[in-house]
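Order of the sequence lines sets the chain letters (A, B, ...), proteins ahead of strands, with each chain counted from 1.
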Protein chains: 2
Amino acid sequence: MNLPPLVQSFVLHFGEMGSRWGINRTVGQIYALLYVSPEPLNADQIVDSLGISRSNVSMSLRELQAWNLVLLKHLPDDRRDFFTTPDDVWQILRTLAEERKKREVDPTLSVLREILMQQPASDAERHAQARMAEMHGLIEQLTTWYDDVKKLETDRLATLLTLGAKVTRLLEAKDKIISLGRSKRNADKA
Amino acid sequence: MNLPPLVQSFVLHFGEMGSRWGINRTVGQIYALLYVSPEPLNADQIVDSLGISRSNVSMSLRELQAWNLVLLKHLPDDRRDFFTTPDDVWQILRTLAEERKKREVDPTLSVLREILMQQPASDAERHAQARMAEMHGLIEQLTTWYDDVKKLETDRLATLLTLGAKVTRLLEAKDKIISLGRSKRNADKA
DNA sequence: CAGTTATTTCAGTAATTACTGAAATAACGA
DNA sequence: TCGTTATTTCAGTAATTACTGAAATAACTG
């Protein structure tokens, strides 16, 4: 590996994190490298930077493209492929969320729905279905929220996040007032 | 594997999803099994249900305990350990979020902070640091929001989710009015 | 204490996943 | 067309991760 020390730390960390997810070390490293590079890189530059085989780079880039995490660029009079990441980190986050939903949440939802359609043949199955219904409800609620939020542009999403906390506090304050009123009335009754 | 068909589908699916995360197949299967079981299970019951070795169950339960995803129960006059999952799915979600943050987000934040402290030795490093600063900012904003939200009890969290969408729409409406006002003024000027 | 039961540890092995180098394909230009 | 360059594919191998069975430990009982 042949990189400025500061970049190298970042790349190595992402390699480790990658293997902690489903993504493997190399894919994580390549992504990190592209993310911090001032301009797009071609496959051979990645080979030189990370010290891995050309074929590994090819496969890993394909994986990153399947995740929509990487942009393909072309320079004039150069038929090599160059790769970058989007400039906007919030856009990257959105893509990541979308892809993980597609791979992890959606299949789970459809399995749950399918099972919930079936007729339980025992008490054990009836109980299992009830539990799955709870899980299904939770996931549906989360995805409904997500579907609403995902369309927001970067700056509005940021606003919503900082606002989110305030909405929470508002809710708490409202509840406190209501419960104060209730306990006052209860006290009056006694 | 010796399970009611409906439970088996669920368990198998979670096994596959498990290996798509860092978690392995067996851990995923055991968790799914515990999640749908009407009462706590001991290790031997898990062995029988899933057809895996006793030692594998022991290691996998240890893993689940490290993730705080599983509760240890004891029956009177029985010194075996029995395991369950929490009843409240929202509590499960909170735990999952907390543990993933601890394992994935926090280490990344600290690596980023450390790198950002250092003096860049080149333009490449300067640019890399700027990119890392963007990423750091995004993660900080997300975790601030998360820290606010995570303390909410189940029903209030659910409220916030359904509300979240409305807050969004409110923001959009407000922006539309403002931009309408602006474009009117601009039209007047012309 | 010895005997019984529950659980854990761990070395060895099986299974899976990652990676490489060589060959194949593809896309050009002369 | 052939030669050159870029990229992909894939069989073989390396590396990693998962799993097992046997032995060790631990926690109890009589």
Side-chain angles (χ1 to χ4, degrees), chain A residues 1-2 11-12 14-34 39-67 70-84 103, chain B residues 1-2 11-12 14-34 39-67 70-84 103:
Chain A
M1 190 172 298
N2 181 21
V11 164
L12 289 178
F14 261 71
E16 284 171 33
M17 292 316 285
S19 42
R20 195 166 296 191
W21 296 6
I23 283 168
N24 74 37
R25 189 160 36 93
T26 305
V27 173
Q29 290 183 353
I30 292 180
Y31 185 80
L33 179 62
L34 295 178
E39 331 88 23
L41 299 180
N42 65 44
D44 285 321
Q45 292 173 307
I46 298 172
V47 166
D48 294 341
S49 304
L50 301 181
I52 57 182
S53 73
R54 186 52 240 270
S55 50
N56 194 3
V57 169
S58 177
M59 292 185 303
S60 301
L61 284 172
R62 157 182 292 258
E63 174 93 7
L64 284 170
Q65 283 175 290
W67 278 79
V70 122
L71 300 172
L72 181 55
K73 299 260 172 181
H74 280 109
L75 302 184
D77 299 323
D78 190 333
R79 57 198 179 89
R80 289 172 298 179
D81 294 335
F82 288 77
F83 298 89
T84 359
R103 286 168 172 74
Chain B
M1 190 173 295
N2 181 19
V11 164
L12 289 178
F14 261 71
E16 283 172 34
M17 292 316 285
S19 41
R20 195 165 297 191
W21 296 6
I23 283 168
N24 74 38
R25 189 159 37 92
T26 306
V27 173
Q29 290 183 353
I30 293 180
Y31 184 80
L33 178 62
L34 295 178
E39 331 90 23
L41 300 180
N42 65 43
D44 285 322
Q45 292 174 304
I46 297 172
V47 167
D48 294 341
S49 305
L50 301 182
I52 57 182
S53 73
R54 185 52 240 269
S55 49
N56 195 3
V57 170
S58 176
M59 292 186 302
S60 301
L61 283 171
R62 156 182 292 257
E63 174 92 8
L64 284 170
Q65 282 175 290
W67 278 81
V70 123
L71 300 171
L72 182 54
K73 299 261 171 181
H74 281 109
L75 304 183
D77 300 324
D78 189 334
R79 59 200 180 86
R80 289 173 299 178
D81 294 335
F82 287 78
F83 298 89
T84 359
R103 286 167 170 76

- [ ] Name the nucleic acid region contacted by D81(B), choosing base, sugar-phosphate or nothing; use a 4.0 angstrom heavy-atom cut-off, strictly under.
- [x] sugar-phosphate
TODO: May I ask you to say what D44(A) touches in the nucleic acid, namely base, sugar-phosphate or nothing, with a heavy-atom cut-off under 4.0 Å?
DONE: nothing
Task: Watson-Crick or G-U wobble partner of dT20(D), both distances under 3.5 Å - done: dA11(C)
Task: Whichever of F82(A) and S19(A) has its nearest DNA chain D nucleotide further upstream toward 5' - done: F82(A)
Would you mind reading off the distance between [X] atom [atom1] and [N] atom [atom2], rounded to a whole angstrom?
{"X": "N42(A)", "N": "dT5(D)", "atom1": "CG", "atom2": "C1'", "value": "12 Å"}
{"X": "L41(B)", "N": "dT7(C)", "atom1": "CG", "atom2": "P", "value": "13 Å"}
{"X": "L72(B)", "N": "dA6(C)", "atom1": "CG", "atom2": "C1'", "value": "12 Å"}
{"X": "I30(B)", "N": "dT7(C)", "atom1": "CD1", "atom2": "C1'", "value": "14 Å"}
{"X": "Q29(A)", "N": "dA18(C)", "atom1": "CD", "atom2": "P", "value": "13 Å"}
{"X": "I23(B)", "N": "dA18(D)", "atom1": "CD1", "atom2": "C1'", "value": "14 Å"}
{"X": "D77(B)", "N": "dT5(C)", "atom1": "CG", "atom2": "C1'", "value": "15 Å"}
{"X": "I46(B)", "N": "dC19(D)", "atom1": "CD1", "atom2": "P", "value": "14 Å"}

Open item on the list: Working to the nearest 0.5 angstrom, can you tell me the gap between I46(B) CD1 and I30(B) CD1?
Closed with: 5.0 Å
Open item on the list: To the closest 0.5 Å, what do you measure between CD1 (I52(B)) and CD (Q29(B))?
Closed with: 7.0 Å
[Y] and [X], any side-chain heavy atoms less than 4.5 Å apart:
{"X": "F83(A)", "Y": "Q65(A)", "result": "yes"}
{"X": "N56(B)", "Y": "L50(B)", "result": "no"}
{"X": "N2(A)", "Y": "D48(A)", "result": "no"}

Task: Contact residues, residues 48-67 of chain B to DNA chain D [heavy atom, < 4.0 Å] - done: I52(B), S53(B), S55(B), N56(B), M59(B)
TODO: Give a yes/no on whether any side-chain N or O of R25(A) is located under 4.0 angstrom from OP1 or OP2 of dC19(C).
DONE: yes
Task: Under-4.0 Å side-chain N/O to phosphate OP1/OP2 contact, N24(A) with dC19(C) - done: yes
Task: I23(B) to G28(B) - nearest heavy-atom pair and separation - done: CG2-N, 3.9 Å
Open item on the list: How would you summarise protein contacts on nucleotides 24-30 of chain D per nucleotide, using B for base, S for sugar-phosphate only and - for none, with heavy-atom distances below 4.0 Å?
Closed with: ---B---
